[in-house]
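Only one structure is covered here, and it is reproduced in the block below.
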Amino acid sequence: MLEIKPLVLGPVSTNCYLIVNSESGEAVVIDPAWDGQVILAEAQKRGWRIGQLWYTHAHFDHFAGAAVLAGGLDPQPVVALHPLDRDLRQLQGGAPFFGMQIDPGPDPTVDLIHEQVLRLGNIEFEVRHTPGHTPGHVVFYCAREAVLFSGDLIFRGSVGRTDLPGGDWEALIKSIQEQVFTLPDETRIYSGHGEKTSVGDEKRTNPFVHL
Ligand SMILES: [Zn+2]
Ligand SMILES: [Zn+2]
């Protein structure tokens, strides 16, 4: 079974998801947003073993906790990012643009590609490349559990901003229509900020995207 522990972290209230295969205790952190020691403590408290970090995209508020988190892990985790966000990560995810400095942490060890399958024990996730908010933005879809981790592509009642470097409004809307709205209505969406939602709810009510 897949268990999901959301943590709201950092200066812009980013959702970090600690997810585990409860049969094996293997865990993944989707977007180690901030406060690596908090993420680590949550996992240790539950006896979950973090082996992988999956990034939806390389804005600083989604991986600024990676350095401290990885510092507390042995062996070192797999770090997965789409190569089109590699440069953004090197630039501290745009943190200096907001007057901040972050440690970008461990280099990515896996280049994510569209339709790649990621595994958490026997639970499979499909990578979907969804450019628009950033060029290398991806979402993680688990069909078996009917769950989508959508990063900053789509939120409850809103969508990701496209006014930062690399943003592209048309690409964002296309990504939502082709990679999110084609999923079953009952798919739960866990996004990068705010409350969770579902594909059906957003198809009906999201004011930014029309079918
Ligand atoms: Zn972002
Ligand atoms: Zn964000």
Side-chain angles (χ1 to χ4, degrees), residues 4-19 28-36 38-39 53-69 79-105 108 111-112 114 125 127-141 147-180 188-197 202 206-209:
I4 302 166
K5 169 66 187 167
L7 299 165
V8 183
L9 302 172
V12 285
S13 302
T14 304
N15 289 325
C16 162
Y17 297 102
L18 181 55
I19 67 172
V28 171
V29 178
I30 297 178
D31 291 350
W34 210 266
D35 294 331
V38 171
I39 305 169
L53 313 182
W54 299 347
Y55 297 175
T56 58
H57 65 298
H59 277 149
F60 72 98
D61 61 305
H62 290 259
F63 71 97
V68 170
L69 174 58
V79 178
L81 174 70
H82 193 285
L84 288 178
D85 266 18
R86 216 184 280 149
D87 291 348
L88 180 58
R89 182 187 161 276
Q90 296 287 1
L91 298 168
Q92 297 180 40
F97 189 79
F98 294 91
M100 284 181 255
Q101 296 283 320
I102 65 148
D103 179 345
D111 282 343
L112 295 175
H114 188 61
F125 291 78
V127 175
R128 295 181 158 222
H129 182 214
T130 52
H133 178 67
T134 65
H137 194 288
V138 298
V139 298
F140 304 108
Y141 173 55
V147 168
L148 178 76
F149 294 93
S150 75
D152 287 0
L153 175 63
I154 185 166
F155 309 111
R156 181 175 180 157
S158 189
V159 296
R161 60 192 284 187
T162 56
D163 59 325
L164 295 170
D168 180 332
W169 177 257
E170 259 119 61
L172 181 100
I173 297 301
K174 186 168 183 271
S175 290
I176 294 171
Q177 285 172 334
E178 293 181 357
Q179 305 302 331
V180 177
R188 289 169 292 155
I189 298 177
Y190 290 87
S191 55
H193 302 271
E195 296 292 306
K196 74 174 198 262
T197 182
E202 294 314 309
N206 193 299
F208 296 95
V209 200

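Just so we're clear, the structure is a prediction, and the values are computed from it rather than from any experiment. Each ligand, and each atom within it, is numbered from 1 in the order the structure gives.
The backbone N or O of D85 sits nowhere less than 3.5 Å from a side-chain atom of H57 that would complete a donor-acceptor pair.
The set of protein atoms (N, O or S) found at less than 2.8 Å from the Zn ion (ligand 1) reads H57 NE2, H59 ND1, H133 NE2, D152 OD2, by chain and number.
Applying the side-chain hydrogen bond (donor to acceptor under 3.5 Å, both in side chains) test to T197 and every residue at least two apart in sequence or in another chain returns E202.
Ion pairing between a basic and an acidic side chain is recognised when a charged N comes within 4.0 Å of a carboxylate O; D111 and R86 show such pairing.
Ring to ring, F125 and W54 are close: their centroids are under 6.0 angstrom apart.
Between T162 and H133, the closest side-chain pair of non-hydrogen atoms is not below 4.5 Å. The shortest distance between side-chain heavy atoms of S158 and H193 does not fall below 4.5 Å.
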